[in-house]
Every structure is written in structure tokens, then in C-alpha cells.
Amino acid sequence: MNKKVNKLRDFYILWSTQSLSQLGSAVTAFALTLWLYEKTGSALSTAALRICTYAPYVVMSIFAGAISDKFDKKRTMLICDLLAALSTVSVFILYKADMLAVWHLYLINAISGLMNTVQQPASEVAYTMIIPKEYYQKTSGLQSLSRSLITIGNPIIASAVYGLAGLDAAIAIDLISFAIAFSALAFLIRIPEIPSEGEEKESVLQLAKEGLRYLKENPLILYVILFMSGVNFVASAFDAVLPAFIIPNPNGGNNVLGIVTSFSGVAMVIGSVIATVMPKPKDRVKVIYMTMFFSLATENFLLAFSGSSVMWCLGQLLGWIFVPVMGANQNVIMRNTIPAKLQGRVYACRNTLQFFTIPIGLLFGGVMVDNVCEPLMSGSLSDLSIFFGSGKGSGAALMLFILGVMGTVMCILFGHILKKYRYTE
């Protein structure tokens, strides 16, 4: 046991302190959402915060990965964390001076999103360099566990802190957690350097092209990424549909929506434990598409045909429980397959290709419910009320059914494609 702890010493320090800092950032983000909604009363204005954070991630990820590969990983992480913290400090100063405006938050969120875009691939490579190969699956499960706990905990903590002590207290928690993580990374962790082999002479654009070229030459990795892009499209459309399904339902409402949503975090905690302790599977690729097939083919249909809040919670549990298992296996494949010196740029290309469908899915889900499914259920498809109910929310139920069909078909098609490729460790 002591030998294992020594091997994973740097990982445990980096993982625990960075997770603490991520929790602090999430608390601030949620508190800012509460503050903004109080000021504007607009759901669109609060949603725009997420768009401003996410846009740099999608647009700049390919170049961010090249930057990560070109420069020292530890230094890149420290600089990005410091600049993100300074943006948080600026929010604190503007708030205390009673000068904080909505556009300030959009600009600051965009800056923070850009810093996260550059920091994330550097962090991925740093974890690869400090984790022994035999512990990739275990540590991926632990990372998923911390993300799940943050998902469950940050709304509760942020709501309590904001309600009792205000926005400045939430920001103070964020800055304290940043200071702990920054100090630990700067003084307690050594990240081995990767031989550059002359790459310092290459431009960022050339390095980004190399990441895309690597994916083109390694179709297994590319097809797994494209498969997850499709999963993210269906999942984000589901996120847009869920409130329109639960809130107007006679058995739903705002409080029920919060409870049902929290079950995704509970499910991911359980799934993270499973991913951490499960033995190495014989076929990691099969695990990836089978877990997503189970998720998409159960949750959407279970919610679409049910009017019970208990069944909705069960649907969330089944839909999310194997997501950490999928994530752990994808991480192992990528870390074992991609050379360490290329990982930053390839992970960045992965981020762009795998996650650009999320805003598209959110828009698709919202438009389909408001402009297609709800009008159809109150008109020409009203006879389907025996399956999807009647009144407002029935169109959202129909859309959940459509997403279930889309997700199932997509998993079957990609499963057939991925069977052609073998992955060996």
C-alpha cells in the first residue's frame, strides 16, 4: 500500500488540490448565476454566461493544445490558473465597488474560458507524465469521482454561501482554494519534461495540423471521438428538453427538477467507484459504445413514457451511472495510444471535435420542443397523448422519445464501425 501511495504521490496532491480549486470555481460560477438572475430575471442572460465560457473552448481548443505541447506543462498550468484567478479578483473588486455589470461577467467568463482552454490539455498531459501506466484506469475513476462530487456539491454550497454571506464570500472561497492548488503545483509537484526534438521551431499552426493529422492516421481514436461527439449532441439536447418536460408536468415543478437533476451526480459518483475498482476489460472499445448504448436507450424512453418523479430519478440514475466507466476507458485508450509529446495537441483536437456538438444540441433540443413537438402534440399528433400525455410538456415527452431513437440508432451504427478496429494494451 505504501509503495502504491509513493508511486501516486504527485497524482494525489495534484488531483486533490485541483479538485478543490475546481469546486471553488464552480461555487463562484453558480453564485454569479444567482446574482445575475436576481439582477435581470432572464434565463437567457444566465445561459449566456455558459456560452461565453464555452465558446473559447470550442473555437480555440486546437490551437490551445499546440500551445500546450510547445511550452512547459507546469508553467502553462500556473500561468493560466493565475490569470483566471485575477479575473475572479476583478469580479470581487467591481462587486465591492458596486460597479459590477452584466457585460463584465460575460467578458470575464470568456477570459476564464480561454484560460481553461489552454490549461486543460496541459493538465491532461501532466497527469499522463506523473501517473504510472498500470494506474491509468484507477486514477481516471478518481478524477471522474471528484467531478461528480463537484456536480452534486457546488449548487448546495453556493446557494448556502450566497444566501448567508453574499457573493463576496463565494468569491473568497474560490480564491482560497486557488491559492492552495497554486501553491501545491508550484512547490510540491514535479512534472517530467518531454523531449521536444526540435518542435520549438514549429509554429502553433503547424503543431495543430499535426494533431489533426494524427487523428486522420489513427481511425480508432478518431471514430471514438466522433462517436462521443454524437453522444454529446443527444445528451445536450436532452439537457435542453428536461426542464420543459418536468416543470409543467402535474407531478413536476422547479423543486422536482432540482431533485431529478441531482440524481445524475449521484449516478456518476456510483459510476466513478465502479470505474475505479473494476478489473481491466478485455475490450475497452466495446465498453465505450455499450455503456453509451445502455445510457441513451434507457433514460430517454423511461422519461418519455412515465409521469412519475420516481421513474424520472431512476431514468437519470440509469442514464448517467456508466458515463464515468466510459470516460475512464476512453482516457486509458488515448493515454496508452497517443505519444506523450503529441497528447496536448491531440487532446485539444479531441476537445473541439467531441464537444462542438453541445451548443448545437442545446439549440436543437429547445427549437424542436418549442416549434415542432409541442405544436404537433396539441394538433395533428394529439392522438399520441395516450403515450406522451397532454397539455404543455407532452411535446417535450415526444422529443425525449425522438432522442431515445436517435441515440439508439447512433450507438448501433457506431458499434458496427468500431468493431472493425482492435485496441490492444
Check whether any side-chain heavy atom of [X] sits under 4.5 Å from a side-chain heavy atom of [Y], and report yes or no.
{"X": "Asn329", "Y": "Pro281", "value": "yes"}
{"X": "Leu242", "Y": "Leu303", "value": "yes"}
{"X": "Ser272", "Y": "Leu142", "value": "no"}
{"X": "Asn300", "Y": "Phe401", "value": "no"}
{"X": "Ile171", "Y": "Thr88", "value": "yes"}
{"X": "Leu318", "Y": "Glu299", "value": "no"}
{"X": "Cys313", "Y": "Val266", "value": "no"}
{"X": "Gln18", "Y": "Ser123", "value": "no"}

Which atom pair, heavy atoms only, marks the closest approach of [X] to [Y]?
{"X": "Ala126", "Y": "Ile191", "value": "CB-CD1, 3.6 Å"}
{"X": "Asp81", "Y": "Phe178", "value": "O-CE1, 3.4 Å"}
{"X": "Ile150", "Y": "Ala26", "value": "CG2-CB, 4.0 Å"}
{"X": "Ser309", "Y": "Val260", "value": "O-CG2, 4.5 Å"}
{"X": "Pro375", "Y": "Val369", "value": "CD-O, 4.1 Å"}
{"X": "Phe364", "Y": "Ala237", "value": "CD2-CB, 4.2 Å"}

Query raised in the report: Is there a side chain to side chain contact (heavy atoms under 4.5 Å, CB included) between Ile130 and Leu14 once you walk through the steps?
Result: CA-CA 10 Å; Ile130 64 175; Leu14 184 62; 3.8 Å; yes

Give a yes or no answer on whether the side chain of [X] reaches the backbone of [Y] with a donor-acceptor pair at less than 3.5 Å.
{"X": "Ser236", "Y": "Phe233", "result": "yes"}
{"X": "Ser183", "Y": "Ile180", "result": "no"}
{"X": "Asp72", "Y": "Arg75", "result": "yes"}
{"X": "Lys73", "Y": "Tyr127", "result": "no"}
{"X": "Glu374", "Y": "Gly393", "result": "yes"}
{"X": "His104", "Y": "Ala101", "result": "yes"}
{"X": "Thr337", "Y": "Met334", "result": "no"}
{"X": "Lys74", "Y": "Arg190", "result": "no"}
{"X": "Asn251", "Y": "Gly307", "result": "yes"}
{"X": "Thr357", "Y": "Ser229", "result": "yes"}

Report task. On the 0 to 90° scale, with breaks at 30° and 60°, tag the Phe414-Phe227 ring pair as parallel, tilted or perpendicular. Result -> tilted

Query raised in the report: Aromatic rings Phe305 and Phe388: how do their planes relate, parallel, tilted or perpendicular, breaks at 30° and 60°?
Result: parallel

Report task. Apply the test side chain to side chain contact (heavy atoms under 4.5 Å, CB included) to residues Val269 and Leu149: give CA-CA distance (whole Å), side-chain angles for both, the deciding distance (0.1 Å), then the verdict. Result -> CA-CA 7 Å; Val269 169; Leu149 291 174; 3.7 Å; yes

Rounded distance [0.5 Å steps], [atom1] in [X] versus [atom2] in [Y]:
{"X": "Ile189", "Y": "Thr17", "atom1": "CD1", "atom2": "OG1", "value": "5.0 Å"}
{"X": "Thr408", "Y": "Phe301", "atom1": "OG1", "atom2": "CZ", "value": "4.0 Å"}
{"X": "Tyr95", "Y": "Leu32", "atom1": "OH", "atom2": "CG", "value": "10.0 Å"}
{"X": "Leu188", "Y": "Asp10", "atom1": "CG", "atom2": "CG", "value": "9.0 Å"}
{"X": "Cys373", "Y": "Ile402", "atom1": "SG", "atom2": "CD1", "value": "4.0 Å"}
{"X": "Phe92", "Y": "Leu100", "atom1": "CZ", "atom2": "CG", "value": "12.0 Å"}

Query raised in the report: Does anything in residues 97-109 pair up under salt bridge (charged side-chain N to carboxylate O under 4.0 Å, His left out), and if so which pairs, sequence neighbours excluded?
Result: none

Report task. Verify side chain to side chain contact (heavy atoms under 4.5 Å, CB included) between Leu314 and Val310, making sure each step is shown before the conclusion. Result -> CA-CA 6 Å; Leu314 177 61; Val310 174; 5.7 Å; no

**Report entry** side chain to side chain donor-acceptor pair (under 3.5 Å) partners for Ser87, two or more places apart
**Finding:** Ser112

Query raised in the report: By side chain to side chain donor-acceptor pair (under 3.5 Å), which residues pair with Ser21, not counting sequence neighbours?
Result: none

Requested in this report: Verify the neighbour count for atom NZ of Lys286: are there more than 12 heavy atoms of other residues, nucleotides or ligands below 6.0 Å?
Outcome: no

Query - Tyr223 atom OH: more than 12 heavy-atom contacts under 6.0 Å - result: no

**Report entry** Side-chain donor-acceptor contact under 3.5 Å, Trp15 with Thr139
**Finding:** no

Query raised in the report: Are the aromatic rings of Trp312 and Phe245 close, with centres under 6.0 Å apart?
Result: yes

Query raised in the report: Can Asp168 and Lys96 be counted as an ion pair, charged N to O under 4.0 angstrom?
Result: yes

Query raised in the report: Salt-bridged, Arg350 to Glu124, with N to O below 4.0 Å?
Result: yes

Query raised in the report: Given the rule in the side-chain hydrogen bond (donor to acceptor under 3.5 Å, both in side chains) test, do Gln354 and Gln330 qualify, once you have shown the distances and angles that lead to the verdict?
Result: CA-CA 12 Å; Gln354 185 168 314; Gln330 184 185 11; 3.0 Å; yes

Requested in this report: Test side chain to side chain contact (heavy atoms under 4.5 Å, CB included) on Val323 and Thr291 and set out the steps.
Outcome: CA-CA 7 Å; Val323 170; Thr291 52; over 6 Å; no

